[in-house]
Number of protein chains: 2
Amino acid sequence: MQLTKTEEDLMNYLWKLEKAFMKDLLEAYPEPKPANTTVATLLKRMTDKGFIAYNLFGNSREYYPLVKKKDYFSKHVNGLIKHFFNDSSSQFASFFIKETNLSKKELEELRAIIDTEIKNK
Amino acid sequence: MQLTKTEEDLMNYLWKLEKAFMKDLLEAYPEPKPANTTVATLLKRMTDKGFIAYNLFGNSREYYPLVKKKDYFSKHVNGLIKHFFNDSSSQFASFFIKETNLSKKELEELRAIIDTEIKNK
DNA sequence: ATATTTGTTCTACGTTTGTAGAGAATAATC
DNA sequence: GATTATTCTCTACAAACGTAGAACAAATAT
């Protein structure tokens, strides 16, 4: 199952905080903050979907992510690639490099990274 | 406004065909094909959302995309980047290079592309 | 001990999405 | 001219989403 956009937002706060009580998450939101029951609902749904879990402290819960941001994100990008580029990562990568306006400096950094990767193969 | 996943699928067929009657789109689907009314509904919604338009031929319509795949996709990736990488394309790019398992050959091709890009700056 | 804060579950309601039937109009074919 | 193919609109309906009130419970502060 998938997180919705709204749930993803919340997940992002949780990833940032690593673990958090509802209060902390509410605080993380910019104004206008959603009702606390809204966040509670989202947390419940996300728990049901298996993306987060919690430890009980008294009667309230300290939530934490069950999925690493990295992994979640990878799956996302893969889906995108599958969808738009016939499942070819390199096709996507070259598209991305050409279309995104990276600066010269950024491109050079990227090349350095690629060189390292090539060496590791 | 945004296309949903199902609408995106249909959009992909349309991008591939460049222009098409409903019949052609239906044919593009793999088995089990959706009911034609389903596709009709999607086409209507996509028209309302402003992603496609059509030319009338008799009483039926030849649909065509109003958005280029490239542009649509770019917006998508940008959204993703904004969402997950604090709006930093290069941060995303390096993440992607490291996480995706590109072959040596693919990496080398990519480096060539980057070199070209750097020269053009 | 009372009031306040924090958090939980249940319920709810309008909107969007996925899917498609019914009915009607036009076009093509026999 | 009657039959068939095409497809458009209207209507529908269940599931998922976004949002939040009501009611209640435990913890904390005064």
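Just so it is clear: chains get the letters A, B, ... in the order the sequence lines come, proteins before strands, and each one is counted from 1. All heavy atoms count here, side chains included; hydrogens, waters and symmetry mates do not. Being a predicted model, the structure only gives us computed values, none of them experimental.
Residues from residues 1-26 of chain B placing a heavy atom under 4.0 Å of any atom in DNA chain D, listed by number, are Phe21(B), Met22(B), Lys23(B).
Asn36(A) places its CG atom 18 Å from the P atom of dG18(D), with the value rounded to the nearest Å. In this entry the distance linking CE of Met46(B) with P of dT7(D) reads 16 Å, nearest Å. Atom-to-atom, CG of Leu43(B) to C1' of dT6(D) comes out at 13 Å; the value is rounded to the nearest Å. Atom CG of Asn55(A) is separated from atom C1' of dG7(C) by 16 Å (rounded to the nearest Å). One can place CG of Asp48(A) at 11 Å from P of dC10(C), the figure rounded to the nearest angstrom. Between the CG atom of Leu56(B) and the P atom of dA25(C) there is a distance of 17 Å, rounded to whole Å. Taking atom CG on Leu42(B) and atom P on dG18(C), their separation rounds to 8 Å, with Å as the unit.
Every ring pair (Phe, Tyr, Trp, His ring centres under 6.0 Å) that Phe95(B) has, sequence neighbours left out, goes to Phe73(A), Phe85(B). Applying the salt bridge (charged side-chain N to carboxylate O under 4.0 Å, His left out) test to Lys16(B) and every residue at least two apart in sequence or in another chain returns nothing. For Tyr54(B), the ring pair (Phe, Tyr, Trp, His ring centres under 6.0 Å) partners are Tyr63(B), not counting sequence neighbours. In this structure Gln91(A) satisfies the side-chain hydrogen bond (donor to acceptor under 3.5 Å, both in side chains) test with no other residue, sequence neighbours excluded. For Glu109(A), the side chain to side chain contact (heavy atoms under 4.5 Å, CB included) partners at least two apart in sequence or on another chain are Lys105(A). With sequence neighbours excluded, no residue forms a side-chain hydrogen bond (donor to acceptor under 3.5 Å, both in side chains) with Arg45(B). With sequence neighbours excluded, the residues satisfying side-chain hydrogen bond (donor to acceptor under 3.5 Å, both in side chains) with Lys49(A) are Glu7(A).
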Can you give one letter per nucleotide of nucleotides 21-30 of chain D, going 5' to 3': B for a protein heavy atom under 4.0 Å from the base, S for sugar-phosphate only, - for none?
BB---SS---
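Counting any heavy atom pair closer than 4.0 Å across all strands shown, Arg45(A) reaches a base atom.
By the 6.0 Å contact criterion, NZ on Lys19(A) is open, its count of non-hydrogen atoms from other residues, nucleotides or ligands being 12 or less.
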Using residues 26-42 of chain A as the side-chain source, report each donor-acceptor pair under 3.5 Å to any protein atom, sequence neighbours left out, with the distance given to one decimal.
{"unit_1": "Lys33(A)", "atom_1": "NZ", "unit_2": "Glu27(A)", "atom_2": "O", "d": "3.1"}
{"unit_1": "Lys33(A)", "atom_1": "NZ", "unit_2": "Tyr29(A)", "atom_2": "O", "d": "2.5"}
{"unit_1": "Thr41(A)", "atom_1": "OG1", "unit_2": "Thr37(A)", "atom_2": "O", "d": "2.8"}

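An OP1 or OP2 oxygen of dT7(D) is reached within less than 4.0 angstrom by no side-chain nitrogen or oxygen of Tyr54(B). Side-chain nitrogen and oxygen atoms of Tyr29(A) include none within less than 4.0 Å of the OP1 or OP2 phosphate oxygen of dT19(D). For dT11(D), the OP1/OP2 oxygens have no side-chain nitrogen or oxygen of Lys44(B) closer than 4.0 Å. Not one side-chain nitrogen or oxygen of Lys33(A) sits closer than 4.0 Å to the OP1 or OP2 atom of dT19(D).
Nearest to the side chain of Ala40(A), among dA12(C), dT9(C), dA20(C), sits dT9(C).
Taking the six-membered ring where the residue is Trp, Phe51(B) and Tyr72(B) present perpendicular rings, their angle passing 60° and hence far from 30°.
Minimum heavy-atom separation, Leu25(A) to Tyr13(A): CD2-CB, 3.9 Å.
The end-to-end axis angle of the helix from dA1(C)-dT30(D) to dC30(C)-dG1(D), rounded to 10 degrees and based on five pairs per end, is 10°.
When hydrophobic side chains of Ile, Leu, Val, Met, Phe, Trp and Tyr are connected at separations under 4.5 Å, Met1(A) ends up as a singleton with no cluster partners.
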